Amino acid sequence: MSSEWPLWEVFIRGQHGLNHRHVGSLHAPDAEMAINNARDVYVRRNEGVSIWVVRSIDIVASAPSEKGPLFEPSNAKVYRHPTFFDIPDEVGHM
Amino acid sequence: MAQTIAIEAAVERSALFEFLLGMGDNTLVLGHRLSEWCGHSPALEEDIALANTALDLIGQTQLWLGLAGEVEGKGRNADDLAFLRDVREFRNLLLAERPNGDYGRTLMRQFLFDAWHYLALKGLRASSDPRIAAIAEKTSKEVAYHLERSRDLVIRLGDGTAESHARMKKALDELWSYTGEMFVNEAHDAALAAAGLAPEPESLEAEWNTLVAETLCAATLGKPQGGYMHRGGKRGLHTEHLGYVLAEMQFLQRAYPGASW
């Protein structure tokens, strides 16, 4: 039966102030049931204070075949990391 | 005079013990029934959700039977009461021991019970005994979710395909005659209500009827009208099904008394 239900991606916010994080996926016939199922499957141990679900087919992903052009150019650009600045002592921990 | 008060206190204590056994036995037997689905549900998500409900109910059993043992004052704890009593000493509703049947029947049984459970706990939150009020407060949040879920699924399946509608209708017809028992006052109930410990069972009926009628209407199933109602569970007169439940549940403690891990 569950194979006929659409797939949903589940995002849980662990604490107030933190971001929702992807925790996994599940099957459900609609959004309301997806929230209920997410509650039963992913927040059984007090993991969260908020749940988002989104249909998996609505997620647009980058293509693995394009990972060269997409990601490799940034490999060799260490100057984009802000590690070359002298931070004054008065600033303290950043 | 002092003797009269002592007798009254004793009457009330045994009445309270009976009542607490009823609460704990309902959650224990139904929790066990639901656990029978573990690994067999029609979908992974449903399997986990139903097992969660079963665990909630078993957790609630520890609270109710723990308090029952305390009130009884004979040194029995929740485990003793769960594993070392025989069928005739169980006080659960007959509805709780009904076999699971198909998934639709399990959900219909759950909804009919959850609706009662929710209302019963709502009343118990105002109990004059702070221990009862505290358990009711804690467990009513779990039960509010159980009701939301079972109600939602009863509506979806009742108002679903021709097949799911027919199954839910059959389940309702089979289970309906086990609902009347929820609202039957037993001998001890008036004393408990007078002491402000627990509302009388019959006082929950009107609200339950409204809630159930509204849900069954949304599920396109319609609420059955009256009819013959089974009773006896609250007095220890059970159907043959409870014996099989206890045989499986109590086997280990019966075969190896005192075994623990």
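When reading the values below, keep in mind they use all heavy atoms of this one structure, side chains included, and skip hydrogens, waters and symmetry mates. Given the structure is predicted, the values throughout are model-derived calculations rather than measurements. Naming: A, B, ... by sequence-line order, numbering from 1 per chain.
Of the atoms belonging to B/Leu55, it is side-chain heavy atoms, and not backbone ones, that fall under 4.5 Å from chain A. For B/Asp47, no part lies near chain A; criterion is any non-hydrogen pair under 4.5 Å.
Environment of OH in B/Tyr118: sparse, with no more than 12 heavy atoms of neighbouring residues, nucleotides or ligands closer than 6.0 Å. Within a 6.0 Å radius of CD in B/Glu142, other residues, nucleotides and ligands contribute more than 12 heavy atoms. Enclosure of atom CZ in A/Phe85 is not indicated, since only 12 or fewer non-hydrogen atoms of other residues, nucleotides or ligands lie within 6.0 angstrom. The 12-atom threshold is not exceeded at CZ of A/Arg21, counting heavy atoms of other residues, nucleotides or ligands nearer than 6.0 Å. Atom NZ of B/Lys223 has more than 12 neighbouring heavy atoms from other residues, nucleotides or ligands inside a 6.0 Å radius.
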Output side-chain donor-acceptor pairs under 3.5 Å for residues 67-78 of chain A, partner residues at least two apart or in another chain, one line each.
from, atom 1, to, atom 2, distance (Å)
A/Ser74, OG, A/Phe71, O, 2.8
A/Lys77, NZ, A/Pro73, O, 2.7

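Using a 4.5 Å cut-off on side-chain heavy atoms (C-beta onward), A/Glu32 and B/Arg156 make contact.
A salt bridge is defined here as a Lys NZ or Arg NE, NH1 or NH2 lying under 4.0 Å from an Asp or Glu carboxylate O, and A/Arg39 with B/Glu148 fails to meet this definition.
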Derivation of the side chain to side chain contact (heavy atoms under 4.5 Å, CB included) call for B/Leu44 and A/His27:
CA-CA 9 Å; B/Leu44 175 67; A/His27 291 93; over 6 Å; no
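To the nearest 0.5 angstrom, B/Asn52 atom CG is 5.0 Å from A/Asp40 atom CG. Atom CD in B/Glu45 sits 12.5 Å away from atom CH2 in A/Trp8 (nearest 0.5 Å).
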